Amino acid sequence: MTENRFDPSQADGRWQRAWDQAGTFTADSNSPKPKSYILEMFPYPSGRIHMGHVRNYTMGDVLARYKKMRGHEVLHPMGWDAFGMPAENAAMEKMVHPGEWTRSNIEAMKAQLKRIGFALDWTREFATCDPEYYGHEQALFIDMYEAGLVYRRQSEVNWDPVDMTVLANEQVIDGKGWRSGAEVEKRKLDQWFLRITEFAEDLLSGLGDLKDWPDKVRLMQENWIGKSQGLEFSFELSNGETLPVYTTRPDTIFGASFCAIAADHPIAQGLKDDPSVAAFIEECRKGGTTAAALDTAEKLGFRTNITARHPFHGQALPVFIANFVLMDYGTGAVMGVPGHDQRDFEFATKYELPIARVVARSVSEANAPMAGEAEPGDGVIVNSDFLDGMSVEDAKADVIAKAEAGGWGEGTTVWRLRDWGISRQRYWGTPIPIIHSPDHGPVPVPKDQLPVELPEDIDFETPGNPLERHPTWKHTTCPISGKPALRETDTLDTFVNSSWYFLRFASQPVDAPFDPEEIAKWMPVQHYIGGIEHAILHLLYARFWTRAMERIGKFDVKEPFSALFTQGMVTHETYSLGDGSWLSPDEVRKNGADWTRIEDGAPVTAGRIVKMSKSKKNVVDPDNIIEKYGADAVRWFMLSDSPPERDLPWSEAGIEGCWRFVQRLWRLFDSYDTSAEGEDKSLARKTHQTIVAVAEDIEALGFNKAVARLYELTGAVEKAKPSVSRNFAISSILHMVSPMMPHLAEEAYAKLGNSDLIADAAWPEHDPAMLVEDEVTIAIQHKGKLRDTLTAPKGAANEDLEALALASEKVQRSLDGAEVRKVIVVPDRLVNIVT
RNA sequence: GCGGGUGUGGCGGAAUGGUAGACGCCGGGGACUUAAAAUCCCCUGAUCUUUGAUCGUGCGGGUUCGAGUCCCGCCACCCGCACCA
């Protein structure tokens, strides 16, 4: 007898080709079916697909295939977030062109994705480095420019003087360039900005409608946008100038005992002629920006000889330059109220400034001593002239009203959110479509000249931006005067590319970035799945971009993603030698409870289970696993056990278990018996219940639960004798696992004599009448503890259940003659006897 | 510091206030086999005086006939933000 096994090495590829040839997953926007746009965050083409991608795309794939089975027209596209620094780094290290490097990575990764059998519409594939894509992006940039959503101003950057390049904050390590090791300088450059702050209010309030986003992400965005309301007002200074400050606690204004300004504040800068001021400002600059440094940093100040006049009682308050005041928040200056702000308290303590109580628990506690720290909480206002006795809320409103009436201040809203700086002094990005004309300043490139393409002949031998250095590329003419002019050599932040790719997936006209009619058909994305690391920037930028498009009349969508799901990471145990060096999983072997290195038997320590990373060598390459077990076992593993939002620990034993289940199902499908007769009511009932439950689980993205239910039903079918019900159960399992293990499912479906594809099949129908049990198990408790169970017909009368319960021998033993005071009966569930 | 999350067997994890530990992994025992692989069957939270009982969902209280689930107070770990006025 030949072995009856499912062989993915020949089946997987065969069915992948069959789907391709049939165009099974090509989305038809003209279909009358309801539409579902399922999207996973597109990958950066770094070179290899990793397990995190596999998990992410498997989840989306199950949803996409499931929706299709449910009669939806599904758009499930894939593409490449192809601009970015790794390509430039590779160019410098390996002397390859960034485009070439990127293209070959895309080719390799696409082949990997194909091998996993994802139900993707490859006809819509693109890379953001395609001139067709970034040309449209340039057109959108110009539209936004003309709508006043783009502007240019000076802004500080991290400048590496050796590499002659701008560094991202993450590339600055201990004040030095990550590559060159050179001391990083602050430089001011003219840079382009998008007016995301103009949408701050809308981006914030819009979060309220995103019911199907994780609370966590909404909160993170809310905090990032950082709305705060307060009073902006000006102090008159002793030197004749005025000092605008911002406070969220105008109610505490009578507690102000000093003013503090940032080191970068113009007034502070104006005092730099005094060498001790200059020295102090320099000192402020040095302070670390890490969490630890800030935690322990002492509040430092420099007392100027300027004083500020209190707007109500007119007393002179000293003005300090202080290291804890930030220039880029509010006005860069604050009033110091030590009694009710912890930083001010520490500062006042150090410089022996008055600490007054102006908020107390009650009026009678107006003179209670301070507790050794600031009291930022609620209470009634005291020691504050006309505010005395008011609540904090009322006093805020009253002070704002008086400031506005007196013309020295106004109630304002301050946002933490900054405008989005999009200039990058790099080659591998979308060229900013602007020409700097000697007569007309910055002028957009005429749209008929788009795309402004990147030059191919570049060199990375010398430091600096290759676009800047290129002999001819930047030289052009002014679109207005025709005189010689220079192109903008900055490129766009890669987050711009990912801010609208989902729109391009949904519609791909040649002559426009997108087609509003097609957008209306597909948008918003129904399920967007990706990593939590994009909770703020990418998702906020995409929300902004979509709103900006709506604002300039491109279409009628505001929120791009109606439901968001952030999946957990794939983790793996770590292995290390005595010297602390890491070993990869295939370099080690388990002997009993201990681990050793295969090569020489050296003892190995198995360490924490952490995210797969090259540095810890705890990486498992999907290709090797697919080679060994086929795509379906890997897909099944990705869905099993861990809830999708939590981390998934990869293990060899786990994938072995999945592989066994693939074969177990194969045998089960093989046991379909066309000659079987008769009903098996309880199996049929379980099947119908499972059909409903698995569907609910998939729709809630509870893949681990769906998997568990399928195991359970499989076990039940294996034990059952041949019957029509058993065949129905087998067929149902086959259909239900098809989104998860599509290759196995197709193979078995064909073997059962079908000539169509199960990918085109419908989700199994359930019979509502079969969901109801006719017998139920009743738990019998005595004093809240389980004593016995009994089987009763569903809907049995309470009295009958009570009688049955009391008749139980175990219950009687537990009662031991005690008087029954009360009996609680929950119909069809339990009886609890209270004594 | 602020905000959020998590805590259940050896492990991943199930559980509308109603039989805690479904399902999977690991482990143990057995069947089949010359043998191995594969497969199948049984056991698998702890303790005890083991036909049974007691304890058990991070810790301490509370509400309830009944709490993993609800309330109050702690602890630990993880994540995000951070001198934001």
Side-chain angles (χ1 to χ4, degrees), chain A residues 3-5 214-224 226-228 230-232 245-249 252 260 262 287 289-291 293-295 297-299 322-326 328-337 340-344 346-347 376 414-416 532-533 535-536 571 573 593 609 636-637 640-643 645-649 651-658 660-661 663-664 667 702 704-715 718 777-789 810 813-814 821-826 828-835:
Chain A
E3 240 188 335
N4 182 18
R5 286 168 78 80
D215 292 344
K216 182 191 171 91
V217 175
R218 289 198 311 222
L219 257 160
M220 282 164 76
Q221 292 216 353
E222 191 179 317
N223 292 336
W224 187 262
K227 181 179 187 174
S228 90
L231 169 69
E232 185 179 326
V245 299
Y246 170 74
T247 178
T248 54
R249 294 296 302 273
T252 63
T289 50
T290 61
L294 288 175
D295 248 3
E298 200 181 359
K299 306 281 176 282
N323 66 348
F324 66 91
V325 181
L326 305 174
D328 60 0
Y329 183 80
T331 60
V334 299
M335 66 169 185
V337 185
H340 306 283
D341 180 283
Q342 187 56 27
R343 287 160 316 190
D344 296 348
E346 288 169 31
F347 191 82
V414 168
W415 304 86
R416 207 192 82 102
I532 186 72
E533 67 273 20
I536 298 175
T571 58
E573 203 168 32
I609 297 173
W636 189 251
F637 188 107
S640 304
D641 294 351
S642 288
E645 68 278 8
R646 289 212 215 160
D647 290 352
L648 173 69
S651 72
E652 192 65 25
I655 185 69
E656 290 276 356
C658 294
R660 281 198 298 272
F661 187 63
Q663 298 303 340
R664 201 175 138 196
R667 290 190 299 273
N704 58 322
K705 292 187 221 170
V707 162
R709 288 185 211 282
L710 287 163
Y711 270 116
E712 215 172 325
L713 182 58
T714 300
E718 283 169 341
T777 306
I778 307 287
I780 305 170
Q781 299 180 335
H782 172 215
K783 291 192 285 193
K785 290 206 170 85
L786 183 73
R787 301 295 162 177
D788 200 359
T789 58
K810 288 177 183 171
R813 207 177 320 136
S814 176
R821 296 210 323 253
K822 194 173 170 187
V823 178
I824 307 235
V825 181
V826 181
D828 295 336
R829 287 218 88 119
L830 64 68
V831 178
N832 189 11
I833 300 161
V834 186
T835 55

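So you know, we letter chains A, B, ... as the sequences are listed, proteins then strands, and number each from 1. Quick caveat, the model's predicted, so the values are computed rather than measured.
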Produce the list of close N/O pairs, under 3.5 Å, pairing protein atoms with atoms of nucleotides 63-70 of chain B; give distances to one decimal.
from, atom 1, to, atom 2, distance (Å)
B:C65, O2', A:Asn832, ND2, 3.3
B:C65, O2, A:Asn832, ND2, 2.6

Close N or O pairs between protein and nucleotides 49-54 of chain B (under 3.5 Å):
none

Are there any protein N/O atoms within less than 3.5 Å of an N/O atom in nucleotides 39-41 of chain B, and if so, which ones and at what distance?
from, atom 1, to, atom 2, distance (Å)
B:U39, O3', A:Arg667, NH2, 3.4

Name the pairs: protein N/O against N/O of nucleotides 10-14 of chain B, kept only if under 3.5 Å.
from, atom 1, to, atom 2, distance (Å)
B:G12, O2', A:Ser642, OG, 2.8
B:G12, N2, A:Asp641, OD1, 3.0
B:A14, OP1, A:Asn704, ND2, 3.3

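Annotated as anti: B:G60, whose glycosidic dihedral deviates from 0 by more than 90°.
Note on A:Val325: a base of the nucleic acid sits closer than 4.0 angstrom, heavy atoms only. Within the nucleic acid shown, A:Ser651 has no heavy atom closer than 4.0 Å to any nucleic acid atom. As judged by a 4.0 angstrom heavy-atom cut-off over every strand, A:Tyr711 is placed among residues touching the sugar-phosphate backbone only.
Between the C1' atoms of B:U57 and B:A67, the separation comes to 11 Å (whole Å). One C1' atom belongs to B:C84, the other to B:C70, and the distance between them is 37 Å to the nearest Å. Between B:G28 and B:G10, the distance separating the two C1' atoms is 13 Å to the nearest Å. Using C1' as the reference atom, B:A76 and B:C65 are 34 Å apart when rounded to the nearest Å. As rounded to the nearest Å, B:A38 and B:U49 have C1' atoms that lie 45 Å from one another. B:G68 and B:G18 have their P atoms separated by 10 Å, given to the nearest Å. For B:U39 and B:U50, the P atoms lie 39 Å apart once the distance is rounded to whole Å. Between B:G73 and B:G3, the two P atoms lie 14 Å apart (nearest whole Å).
Taking the salt bridge (charged side-chain N to carboxylate O under 4.0 Å, His left out) definition, one finds that A:Glu533 meets it with nothing, sequence neighbours left out. With sequence neighbours excluded, the residues forming a side chain to side chain donor-acceptor pair (under 3.5 Å) with A:Ser228 are A:Tyr246, A:Tyr329, listed by chain and number. Residues forming a side chain to side chain donor-acceptor pair (under 3.5 Å) with A:Arg664 (at least two apart in sequence, or on another chain): A:Glu718. Every residue meeting the salt bridge (charged side-chain N to carboxylate O under 4.0 Å, His left out) condition with A:Arg218, not counting sequence neighbours, appears here in chain and number order: A:Asp215. With sequence neighbours excluded, the residues satisfying ring pair (Phe, Tyr, Trp, His ring centres under 6.0 Å) with A:Phe637 are A:Trp650. Listed by chain and number, the residues in a salt bridge (charged side-chain N to carboxylate O under 4.0 Å, His left out) with A:Lys227 are A:Glu201 (sequence neighbours excluded). Not a single salt bridge (charged side-chain N to carboxylate O under 4.0 Å, His left out) links A:Asp344 to another residue, sequence neighbours left out.
The OG1 atom of A:Thr777 lies 12.0 Å from the CG atom of A:Leu830; values are rounded to the nearest 0.5 Å. Atoms CZ and OG, from A:Phe661 and A:Ser640 in turn, are 8.5 Å apart once rounded to the nearest 0.5 Å. From A:Thr571, atom OG1 reaches atom CD1 of A:Ile609 across 6.0 Å, with rounding to the nearest 0.5 Å. Between A:Thr331 atom OG1 and A:Leu326 atom CG the span is 11.5 Å, to the nearest 0.5 Å.
Using a 4.5 Å heavy-atom cutoff, the side chains of A:Asn704 and A:Asp641 are not in contact. No side-chain heavy atom of A:Val325 sits under 4.5 Å from any side-chain heavy atom of A:Phe347. A heavy-atom distance below 4.5 Å is not found between the side chains of A:Arg343 and A:Val334.
No donor-acceptor pair closer than 3.5 Å links the side chain of A:Thr789 to the backbone N or O of A:Ala779.
In terms of phosphate contacts, A:Arg829 brings no side-chain nitrogen or oxygen within less than 4.0 Å of OP1 or OP2 of B:U16.
Comparing A:Tyr329 and A:Gly654 against RNA chain B, the residue whose closest nucleotide sits nearer the 5' end is A:Gly654.
Distances were taken from every side-chain heavy atom of A:Ala653 (C-beta onward) to each of B:C26, B:C83, B:U19; the shortest belongs to B:C26. Between B:G18, B:G80, B:A85, one nucleotide has an atom nearer to the side chain of A:Ile536 than all others, and that is B:G80.
If you take NE2 of A:His782 and P of B:U19, they are 18 Å apart, rounded to a whole angstrom.
Consecutive Watson-Crick or G-U pairing (both distances under 3.5 Å) extending over three or more pairs maps onto RNA chain B as B:1-7 with B:75-81, B:10-12 with B:23-25, B:27-31 with B:39-43, B:45-48 with B:52-55, B:58-62 with B:70-74.
In the model, A:Thr252 has no side-chain atom that pairs as donor or acceptor with a side-chain atom of A:His340 under 3.5 Å.
Among A:Lys783, A:Lys785, A:Gln781, A:Arg787, the single residue meeting the side-chain contact (heavy atoms from CB on, under 4.5 Å) criterion with A:Ser814 is A:Arg787.
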